[in-house]
Amino acid sequence: QVQLVESGGGLVQPGGSLRLSCAASGGTLSIYFMGWFRQAPGKEREVVATINWNGATTSYADSVKGRFTISRDNARNTVYLQMNSLRPEDTAVYFCNARSAGWALDDVRSLFSWGQGTLVTVSS
């Protein structure tokens with residue numbers, strides 16, 4: 001069973017940047033369509049960005065388009081989320097997980113168990 005570990009979160013001021021990482025153990029991510037998700041306090045989990053198996057195709061939620069970039073390094077079995085121009089409304093716990101390629105962008109289903117996530121707090 002693949003286990004996912006997210007890291008890179010922290011406290012950042014509005015307008016700042018963070019780079020999140022998602023490392024996998026127990027299996028390879030290279031054959032999977034991957035996604036970053038987030039869950040803010042009191043809100044449902046939502047999809048932030050997705051990437052296909054070789055990184056050639058990416059999709060983003062409208063709320064992060066132009067500010068966030070998803071990427072992957074299959075040799076390192078790791079998926080990344082570069083977050084720029086952060087806003088207070090980006091505050092959430094961020095998770096990564098594998099998805100089926102046929103699922104809609106806003107489909108929050110996942111193929112693996114959820115990791116602990118990494119907390120991103122955007123505040124002055």
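Just so you know, these numbers use all the heavy atoms, side chains as well, and skip hydrogens, waters and symmetry mates.
- Placement of Leu29 and Trp103 within a single hydrophobic cluster is found when ILVMFWY residues are connected by side-chain heavy-atom separations under 4.5 Å, directly or transitively.
- Leu4 and Ala24 get closest at one heavy-atom pair: CD2-CB, 3.9 Å.
- Linking Ile, Leu, Val, Met, Phe, Trp and Tyr whenever their side-chain heavy atoms come within less than 4.5 Å leaves Val47 and Tyr94 in two separate clusters.
- A donor-acceptor contact shorter than 3.5 Å is absent between the side chain of Thr69 and the backbone of Gln82.
- Between Trp114 and Phe95, the ring planes are perpendicular. Angles over 60° get that label, and only those under 30° would be called parallel.
- Using a 4.5 Å cut-off on side-chain heavy atoms (C-beta onward), Asp73 and Tyr80 make contact.
- With rounding to the nearest 0.5 Å, the separation of CG in Leu11 from CG in Leu119 is 9.0 Å.
- Of all heavy-atom pairs between Ser71 and Val79, the closest is O-CG1, 3.3 Å.
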Give the intermediate values and the outcome of side chain to side chain contact (heavy atoms under 4.5 Å, CB included) for residues Arg76 and Ser21.
CA-CA 11 Å; Arg76 296 180 182 272; Ser21 298; over 6 Å; no
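- Across all their heavy atoms, Arg45 and Val108 have their closest contact at O-CG1, 3.3 Å.
- A distance of 8.5 Å separates CD of Gln3 from OG of Ser113, quoted to the nearest 0.5 Å.
- Residues Leu81 and Val12 share a hydrophobic cluster, clusters being chains of Ile/Leu/Val/Met/Phe/Trp/Tyr side chains in contact below 4.5 Å.
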Would Ser17 and Asn84 count as a side-chain hydrogen bond (donor to acceptor under 3.5 Å, both in side chains) here? Give the steps.
CA-CA 4 Å; Ser17 298; Asn84 299 328; 2.9 Å; yes
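- At distances below 3.5 Å, not a single donor-acceptor pair connects side-chain atoms of Ser123 with backbone N or O atoms of Thr121.
- Using modelled atom types, one side-chain atom of Glu6 and one backbone atom of Cys96 make a donor-acceptor pair closer than 3.5 Å.
- With respect to Arg72, the side-chain contact (heavy atoms from CB on, under 4.5 Å) criterion is satisfied by exactly one of Thr78, Asn54, Asn77, Ile51: Ile51.
- Contact annotation: the side chain of Ser63 approaches that of Arg38 to within less than 4.5 Å [non-hydrogen atoms, C-beta and beyond].
- Looking only at side-chain heavy atoms (C-beta outward), Val120 and Thr91 stay at 4.5 Å or farther from each other.
- Rounding to the nearest 0.5 angstrom, the gap separating the CG atom in Asp62 from the CG atom in Leu105 is 8.0 Å.
- In terms of heavy atoms, Tyr60 sits closest to Lys65 at O-CE, 3.6 Å.
- Arg67 contributes a side-chain N or O that, together with a main-chain N or O of Ser85, makes up a donor-acceptor pair within less than 3.5 Å.
- Without hydrogens or angle criteria, Asp90 side chain to Arg87 main chain gives a donor-acceptor distance under 3.5 Å.
- Annotation: Glu44, atom CD; neighbour count of heavy atoms from other residues, nucleotides and ligands within 6.0 Å does not exceed 12.
- Under the 4.5 Å side-chain contact rule for hydrophobic residues, Phe112 and Phe37 do not share a cluster.
- Proximity of a side-chain donor or acceptor of Asn52 to a complementary backbone N or O of Gly55 within less than 3.5 Å is detected.
- Here the closest non-hydrogen pair linking Ala98 and Met34 is CA-SD, 3.6 Å.
- Surrounding CH2 of Trp53 are at most 12 heavy atoms belonging to other residues, nucleotides or ligands under 6.0 Å away.
- Nearest heavy atoms, Gly9 versus Leu20: N-CD2, 3.6 Å.
- Note: Arg109 CZ to Asn97 CG = 12.5 Å, rounded to the nearest 0.5 Å.
- Counting heavy atoms from C-beta outward, Leu86 and Leu18 have side chains that approach closer than 4.5 Å.
- Geometrically, Arg99 does not engage Tyr32 in a cation-pi contact defined by less than 6.0 Å to the ring centre and at most 45° from the axis.
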Val93 and Thr118: side chain to side chain contact (heavy atoms under 4.5 Å, CB included), yes or no, with the steps?
CA-CA 5 Å; Val93 179; Thr118 185; over 6 Å; no
